[in-house]
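First comes the structure, then the notes that go with it.
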Amino acid sequence: MPAVSIRPTLGPVEYPSLVAIWRRAIDATHDFLADADRDQIEARLATDYFPAVTLSVAERDGRPVGFSGVHGDSLEMLFVDAEERGGGIGSALLAHAVEQQGVTRVDVNEQNGPGAAFYARRGFEVVGRSERDEAGRPYPLLHLSLGRAKAQP
């Protein structure tokens with residue numbers, strides 16, 4: 001399998017391909033998300049959410065296959081194209097966020113068991129919980145913090 005490289009986003013010109021990656025990732029992993037909520041979030045990605053974070057893009061063979069968004073020390077988003085899951089892209093994005101961008105915190109939907117397990121395997125520990133997501137929707141969040149002894153990807 002070809003290597004993954006991480007680079008900064010190209011900006012708004014690249015947003016449509018990142019939205020498409022987000023949609024395929026969400027469809028594959030977030031079956032708990034109501035269609036209306038998914039559509040509302042998708043409609044705001046390029047206009048509200050992407051500009052609010054530092055976006056990094058994972059590429060394989062010159063094409064985007066995943067991305068992450070960081071704000072301060074918090075990983076605000078990490079999505080891998082559904083067709084590329086299990087290929088080390090999420091691990092590469094997370095390692096980049098932790099090592100190059102100083103990430104120590106992330107929130108994950110409680111209903112996203114595989115996502116929570118992904119972060120736990122990499123040294124993140126649950127330090128809190130919210131009944132609703134940041135927009136007040138009924139999707140509980142687990143608040144995670146990077147443990148003192150970081151696990152290996």
Side-chain angles (χ1 to χ4, degrees), residues 4 6 8-9 12 14-58 64-153:
V4 174
I6 309 293
T9 183
E14 187 169 47
Y15 290 176
S17 65
L18 300 184
V19 169
I21 288 169
W22 179 89
R23 181 59 182 251
R24 289 189 296 271
I26 288 294
D27 287 349
T29 61
H30 288 58
D31 58 355
F32 56 88
L33 197 59
D35 291 346
D37 291 332
R38 181 198 61 224
D39 294 344
Q40 180 186 46
I41 295 166
E42 183 176 14
R44 296 182 62 198
L45 284 171
T47 57
D48 298 343
Y49 300 138
F50 289 166
V53 298
T54 300
L55 281 172
S56 298
V57 177
V65 291
F67 66 90
S68 64
V70 172
H71 184 265
D73 66 349
S74 181
L75 180 64
E76 298 294 328
M77 56 185 77
L78 189 156
F79 293 97
V80 174
D81 199 318
E83 297 173 4
E84 301 285 342
R85 288 177 59 208
I89 295 162
S91 294
L93 283 164
L94 183 59
H96 176 80
V98 169
E99 296 164 12
Q100 304 299 317
Q101 297 174 294
V103 162
T104 60
R105 300 179 304 123
V106 65
D107 289 345
V108 64
N109 292 103
E110 187 175 63
Q111 301 101 315
N112 182 359
F118 169 83
Y119 293 113
R121 286 191 306 271
R122 286 149 183 88
F124 283 83
E125 302 167 350
V126 176
V127 295
R129 181 183 183 276
S130 299
E131 272 299 315
R132 296 182 169 273
D133 71 9
E134 69 284 345
R137 293 178 292 251
Y139 306 112
L141 293 176
L142 298 176
H143 308 295
L144 309 177
S145 182
L146 193 56
R148 294 177 193 248
K150 291 191 278 185
Q152 296 300 315

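Contact annotation: the side chain of T29 approaches that of R85 to within less than 4.5 Å [non-hydrogen atoms, C-beta and beyond]. At least one side-chain heavy atom of L141 sits under 4.5 Å from a side-chain heavy atom of E134. Looking at L142 and L144, their side chains come closer than 4.5 Å, going by heavy atoms from C-beta outward. With a 4.5 Å cut-off on side-chain heavy atoms, I41 and R137 count as touching.
The pair D31-R38 fails the salt-bridge criterion, with no side-chain N (NZ, NE, NH1 or NH2) lying under 4.0 Å from an Asp/Glu carboxylate O. Between R23 and E42, at least one side-chain nitrogen of the basic residue sits less than 4.0 Å from a carboxylate oxygen of the acidic one, meeting the salt-bridge criterion. For the pair E131 and R129, the salt-bridge criterion is met [side-chain N within less than 4.0 Å of a carboxylate O].
A distance-only check finds no donor-acceptor pair linking the side chain of R44 to the backbone of Q40 [under 3.5 Å]. At least one donor-acceptor pair closer than 3.5 Å links the side chain of S17 to the backbone N or O of E14.
Closest of all the heavy-atom pairs between I21 and D81 is CG2-N, 3.6 Å. The two atoms that bring H143 and S130 nearest to each other are NE2-OG, 2.5 Å, heavy atoms only. Closest of all the heavy-atom pairs between L93 and S68 is CD2-OG, 3.8 Å.
Relative ring orientation between F79 and W22 is described as perpendicular, the plane-to-plane angle rising above 60° on a 0-90° scale split at 30° and 60°. Y119 and F124 have perpendicular rings, their planes meeting at more than 60° on a 0 to 90° scale where under 30° would count as parallel.
Exactly one residue among D37, N112, D133 makes a side chain to side chain donor-acceptor pair (under 3.5 Å) with Y139. That residue is D37.
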Practice problem: Would you sort out whether V70 and S56 count as a side-chain contact (heavy atoms from CB on, under 4.5 Å), showing the intermediate values? | Solution: CA-CA 8 Å; V70 172; S56 298; over 6 Å; no
